[in-house]
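Below is one structure, written out as structure tokens; comments come after it.
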Amino acid sequence: MFHGGPDVGHGYLLPGFEPLALDHHVVLFDFRGCGRSTRGLPADQLQPELVVRDTHRLIERLGLGQVDLLGFSTGGRAAIQFVDKHPEQVRRLVLASTSAYSSADNEPYLADWPEYQRRQKVEDEANGTLRNSTIFVWDLDRAPEYLQLLESLGPDLSDWSLERAIQGLTHPWFTRDPEQTLREFAKPILILHGEKDMGFPVQLAHRLHDAVPNTQLVVIPNTAHMSHFEQPTTWSNHLRTFLSD
């Protein structure tokens, strides 16, 4: 599983994976420079292609053979690059709360969404203390619970630099046309998305589904970016069904 960010490690995803782990072998890990993985690397060693290489080596080291791969949020972009470089290692692919498109493709949907604009204003006024909890969770009554989950993971953020990304020093997460990569992969792909996702609007999930014939699209109603947190049983059951087909 590729987590998102890269900021904190994989711990915020546990609510969705714990139900699945009751009957599946689930391997979660932190990207280099995140969580409990190697820290303090030189800045030029924090690059997407090295995350892909690390994952390839981890699968080999654990002797897992062909795996079912899930990429969450930014991790979905890493997963697309992984199946471009190592398609033989992947049986099925899940793209969860992610996008194959640029940040600019988000903007038209967010600009015309009053609820997003209202919540973003609240986040801005909180000066980062809400950690996007009101953006990433649709049910605002549960936003404090999600924030508590994040804070339980500790104050430590990753070594990856937003400033380097803004300056163009972080390499692209994928290097070819992602739609073409996924069409050439030609194995089952599940696109799992929250209906009210404000990180990657659901219209982009529909766009990818329309562009790639070998995809299934499942949209979980009344959930946002962290649909695994808001509806963990539903989320994990969709994974279970897809992986057992």
Could you give the distance from [atom1] ([X]) to [atom2] ([Y]), rounded to the nearest 0.5 Å?
X: Leu64; Y: Leu58; atom1: CG; atom2: CG; result: 7.0 Å
X: Leu147; Y: Thr129; atom1: CG; atom2: OG1; result: 7.5 Å
X: Thr134; Y: Asp139; atom1: OG1; atom2: CG; result: 12.5 Å
X: Leu110; Y: Trp113; atom1: CG; atom2: CH2; result: 7.0 Å
X: Leu217; Y: Arg207; atom1: CG; atom2: CZ; result: 14.5 Å
X: Leu93; Y: Leu70; atom1: CG; atom2: CG; result: 8.0 Å

Mark yes or no for whether [X], through its side chain, and [Y], through its backbone, hold a donor-acceptor pair below 3.5 Å.
X: Arg77; Y: Tyr101; value: yes
X: Thr223; Y: Ile220; value: yes
X: Asn214; Y: Lys187; value: yes
X: Arg39; Y: Gly33; value: yes
X: Asp197; Y: Val202; value: no
X: Arg32; Y: Asp54; value: no
X: Gln47; Y: Leu169; value: yes
X: Tyr12; Y: Gly4; value: yes
X: Ser97; Y: His225; value: yes
X: Thr74; Y: Gly5; value: yes

pair [X]-[Y]: side-chain heavy atoms closer than 4.5 Å:
X: His86; Y: Val52; value: yes
X: Arg240; Y: Asn237; value: yes
X: Leu208; Y: Glu179; value: yes
X: Val219; Y: His206; value: yes
X: Glu184; Y: Arg176; value: yes
X: Leu41; Y: Asp159; value: no
X: Glu60; Y: Gln89; value: yes
X: Thr181; Y: Phe174; value: no

Give a yes or no on whether Gln148 atom CD has more than 12 heavy-atom contacts from other residues, nucleotides or ligands under 6.0 Å away.
-> no
Arg36, CZ atom: more than 12 neighbouring heavy atoms under 6.0 Å = no
Identify whether [X] and [Y] are in the same connected component of the hydrophobic contact network (ILVMFWY, side-chain heavy atoms under 4.5 Å).
X: Leu182; Y: Phe242; answer: no
X: Leu243; Y: Val90; answer: no
X: Trp235; Y: Ile191; answer: no
X: Val218; Y: Phe17; answer: yes
X: Leu130; Y: Leu153; answer: no

Could you verify whether a donor N or O on one side chain and an acceptor N or O on the other, from Arg183 and Gln180, lie under 3.5 Å apart?
-> yes
I would like to know whether Val26 and Met1 meet side chain to side chain contact (heavy atoms under 4.5 Å, CB included); could you show each step before the answer?
-> CA-CA 8 Å; Val26 177; Met1 186 281 303; 5.8 Å; no
Would you mind telling me which of Leu192, Ile80, Thr215 makes a side chain to side chain contact (heavy atoms under 4.5 Å, CB included) with Leu95?
-> Ile80
Among Leu190, Val94, Ile189, the one residue meeting side chain to side chain contact (heavy atoms under 4.5 Å, CB included) with Gln216 | Leu190
Starting from the C-alpha separation in whole Å, work towards a yes-or-no answer on side chain to side chain contact (heavy atoms under 4.5 Å, CB included) for Arg119 and Leu140.
-> CA-CA 10 Å; Arg119 294 187 185 203; Leu140 290 176; 3.5 Å; yes
Where [X] and [Y] come nearest, the two heavy atoms and their spacing:
X: Lys196; Y: Trp138; value: CB-CE3, 3.3 Å
X: Leu149; Y: Pro15; value: CD2-CG, 4.0 Å
X: Ser37; Y: Phe31; value: CB-O, 3.3 Å
X: Ser158; Y: Pro6; value: OG-O, 3.0 Å
X: Gln45; Y: Leu50; value: O-CD1, 3.4 Å
X: Thr98; Y: Phe200; value: CA-CD1, 3.6 Å

Could you give me the CA-CA distance, side-chain angles and deciding distance for Phe136 and Glu230, then say whether side chain to side chain contact (heavy atoms under 4.5 Å, CB included) is met?
-> CA-CA 10 Å; Phe136 287 166; Glu230 296 191 83; over 6 Å; no
Assign the ring pair His56 / Phe82 to parallel, tilted or perpendicular, where the plane angle (0 to 90°) is split at 30° and 60°.
-> tilted
Geometric class of the Trp173/Trp160 ring pair [parallel <30°, tilted 30-60°, perpendicular >60°] | parallel
Check [Y] with [X], please: is the shortest side-chain N to carboxylate O separation under 4.0 Å?
X: Glu115; Y: Arg118; answer: yes
X: Glu125; Y: Lys121; answer: yes
X: Arg53; Y: Glu49; answer: no

List the steps and the verdict of side-chain hydrogen bond (donor to acceptor under 3.5 Å, both in side chains) for Ser102 and Asp105.
-> CA-CA 5 Å; Ser102 72; Asp105 289 292; 2.9 Å; yes
Establish, yes or no, whether a centroid distance under 6.0 Å links the rings of Phe29 and His10.
-> no
